[in-house]
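Take a look at the structure below.
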Amino acid sequence: MSGQDAQLFDLGYRSYDGVREQPARAILTLAVFTMKRVLGLGRGARHKVLPAITLGIAFLPAFISVAVASIVDSIRPDELISYGDYMFIIGSALALFAALVAPEALCPDRRTGMLGLYLAGPLDRNRYLLAKAIGVVAVMLLITVGPLLFMLAAFVLAGFGPSLGDTPKLLLQILAAGITTALLYASLAMAASSFTTRRAAAAVGVVLALSVPVSVVRTAIESTGAPNALDLFSLPFVAADLAYRIFGEVPDDQEPVTRLATWVVAGGLCVAIAAGFLVCWFRYRRIEGFR
């Protein structure tokens with residue numbers, strides 16, 4: 001190219017003159033993106049399989065219970081599945097989601113280097129983790145609260161639901177049981193995912209955290225006479241037992257945790273939730289965001 005063919009363009013830098021959003025908007029945007037990613041929305045079909053299976057396991061008992069109530073004329077309300085029993089039943093769906101799906105929210109960002117790009121914008125580590133926690137907990141609520149609300153609405157329409165005066169109380173019970181259970185499994189999934197960039201390894205960590213303490217502490221209680229408070233490490237049963245208490249129900253199987261006071265069970269669950277999120281937070285303080 002000769003000197004006469006050269007052209008100069010005005011490519012100087014210009015300041016951004018658009019709308020400047022608050023950092024909270026970045027938190028909300030990342031939380032929504034995390035929800036979509038975890039559920040496989042906007043991705044290939046293979047990414048939707050596990051979330052679909054999890055949601056199917058969570059909602060299937062509700063559909064069956066509603067169908068039985070609609071078809072069988074002589075069935076009594078006390079013969080239908082209770083809300084406390086339902087929270088115990090969907091424990092398998094929660095464990096599956098926490099182990100296989102939720103690590104999708106954290107692990108890929110560190111493996112691909114996206115964490116550094118997030119932190120280069122309006123997000124710091126605390127805002128990043130807050131957005132991820134909101135996204136994971138929101139999807140967990142689809143499993144813990146969604147089926148119960150569906151079952152409540154269906155039972156009310158079928159004439160098996162609570163009276164108008166008791167409905168607000170039951171709604172609060174559903175939200176209380178669903179939120180505490182969702183927070184527990186979300187904190188475990190995020191804690192395990194903070195130690196590895198591989199989703200398979202995070203899944204193994206979640207499974208071990210849910211299963212190993214149950215076997216160890218209950219063996220110790222039954223064989224050595226250890227105090228029942230040790231059963232607070234049996235996190236899936238602690239969450240289920242607290243849900244029973246919230247709904248004012250008594251489980252059929254009496255476990256060591258059922259012999260503890262309600263404030264002890266609730267306190268133990270809150271400590272476990274806080275510990276899971278704190279472990280994740282401390283891990284991200286030490287993780288290099290840029291590479």
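Note that these values count all heavy atoms, side chains included, but never hydrogens, waters or copies made by symmetry.
One hydrophobic cluster, built from ILVMFWY side chains closer than 4.5 Å, holds both Phe33 and Met114. In the hydrophobic clustering of ILVMFWY residues, with side-chain heavy atoms under 4.5 Å counting as a link, Ile81 and Ile64 come out together. Hydrophobic clustering (side-chain heavy atoms under 4.5 Å, transitive across Ile, Leu, Val, Met, Phe, Trp, Tyr) keeps Val279 apart from Leu232. Under the 4.5 Å side-chain contact rule for hydrophobic residues, Ile57 and Val49 share a cluster. Residues Val250 and Val264 fall into different hydrophobic clusters, defined by Ile, Leu, Val, Met, Phe, Trp and Tyr side chains chained together at heavy-atom separations under 4.5 Å.
Distance check: Leu129 CG to Ile134 CD1 gives 11.0 Å after rounding to the nearest 0.5 Å. Within the model, atoms CD1 of Ile221 and CD of Glu255 stand 9.5 Å from one another, a figure rounded to the nearest 0.5 Å. Distance check, rounded to the nearest 0.5 Å: CG of Leu183 to CD1 of Ile273 gives 5.0 Å. Atom CG of Asn126 is separated from atom CZ of Arg285 by 8.5 Å, given to the nearest 0.5 angstrom. In this structure, SG in Cys270 is found 12.5 Å from CH2 in Trp263, a value given to the nearest 0.5 Å. A distance of 9.5 Å separates CG in Leu30 from CG in Leu130, rounded to the nearest 0.5 Å.
Not a single donor-acceptor pair under 3.5 Å links the side chain of Lys36 to the backbone N or O of Leu41. No donor-acceptor distance shorter than 3.5 angstrom exists from the side chain of Thr196 to the backbone of Ser193, with no hydrogens or angles considered. Here the side chain of Ser234 pairs no donor or acceptor atom with the backbone of Phe237 at under 3.5 angstrom. The backbone N or O of Ala105 lies less than 3.5 Å from no partner atom in the side chain of Arg37, so there is not a single donor-acceptor pair. Side chain of Ser194 to main chain of Ala191: a donor-acceptor pair is present (N/O by atom type, distance under 3.5 Å, no hydrogens or angles). Under the 3.5 Å distance criterion, the side-chain polar atoms of Ser65 are left unmatched by any main-chain donor or acceptor of Ala62. Ser187 places no side-chain N or O within donor-acceptor distance of the main-chain N or O of Gly276, the cut-off being under 3.5 Å. When atom types are taken as modelled, the side chain of Arg111 and the backbone of Thr197 share a donor-acceptor pair closer than 3.5 angstrom. Side chain of Tyr86 to main chain of Ala58: a donor-acceptor pair is present (N/O by atom type, distance under 3.5 Å, no hydrogens or angles).
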Dump the intermediate steps for side chain to side chain contact (heavy atoms under 4.5 Å, CB included) on Leu260 and Asp241, then the final yes or no. CA-CA 10 Å; Leu260 301 175; Asp241 182 71; over 6 Å; no

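In this structure, Arg125 is not positioned above the aromatic face of Tyr118 in the sense of NZ or CZ being under 6.0 Å from the six-membered ring centre and within 45° of the axis. A cation-pi arrangement is not found for Arg283 relative to Trp281, the charged atom failing to lie both closer than 6.0 Å to the ring centre and inside a 45° cone about the ring normal.
The side-chain heavy atoms of Asp166 and Leu170, taken from C-beta on, include no pair separated by under 4.5 Å. Between Lys132 and Tyr284, every side-chain heavy-atom pair lies at or beyond the 4.5 Å cut-off. With contacts defined as side-chain heavy-atom distances shorter than 4.5 Å, the pair Glu104/Arg43 qualifies. Between Phe97 and Pro51, every side-chain heavy-atom pair lies at or beyond the 4.5 Å cut-off. For the pair Leu106/Tyr128, a side-chain contact is recorded, criterion being any heavy-atom separation below 4.5 Å from C-beta on. Side-chain contact between Arg198 and Cys107: absent, with no pair of heavy atoms (C-beta onward) separated by less than 4.5 Å. Side-chain atoms of Tyr185 and Leu210, non-hydrogen and from C-beta on, do get closer than 4.5 Å to each other. Considering only heavy atoms from C-beta on, Ile90 comes within 4.5 Å of Met87 through its side chain.
Of all heavy-atom pairs spanning Ser92 and Ile89, the tightest one is OG-O, 3.5 Å. For the pair Met35 and Ala138, the tightest heavy-atom approach, listed with the atom from each and the gap, is SD-CB, 3.7 Å. Considering every non-hydrogen atom in both Ala192 and Gly205, the closest pair reads CB-C, 4.3 Å. Between Ala177 and Thr180, the closest heavy-atom pair is O-OG1, 3.1 Å. Residues Ile246 and Gln173 share a closest heavy-atom pair of O-NE2, 3.1 Å. Val206 and Ala189 get closest at one heavy-atom pair: CG2-CA, 3.9 Å.
For the side chain to side chain contact (heavy atoms under 4.5 Å, CB included) with Asp231, the lone residue among Val257, Thr258, Val238 that qualifies is Val257. Across Thr34, Val101, Val139, Thr54, a single residue satisfies side chain to side chain contact (heavy atoms under 4.5 Å, CB included) together with Leu39, and that is Val139. Only one option out of Phe150, Phe247, Tyr244 pairs with Tyr83 in a ring pair (Phe, Tyr, Trp, His ring centres under 6.0 Å); it is Phe247.
Checked against side-chain contact (heavy atoms from CB on, under 4.5 Å), Ala240 has the following partners two or more places apart in sequence or in another chain: Phe88.
Within a 6.0 Å radius of CZ in Arg25, other residues, nucleotides and ligands contribute 12 heavy atoms or fewer.
For the residue pair Thr262 / Arg245, a side-chain donor-acceptor distance below 3.5 Å is found, with atom types taken as modelled.
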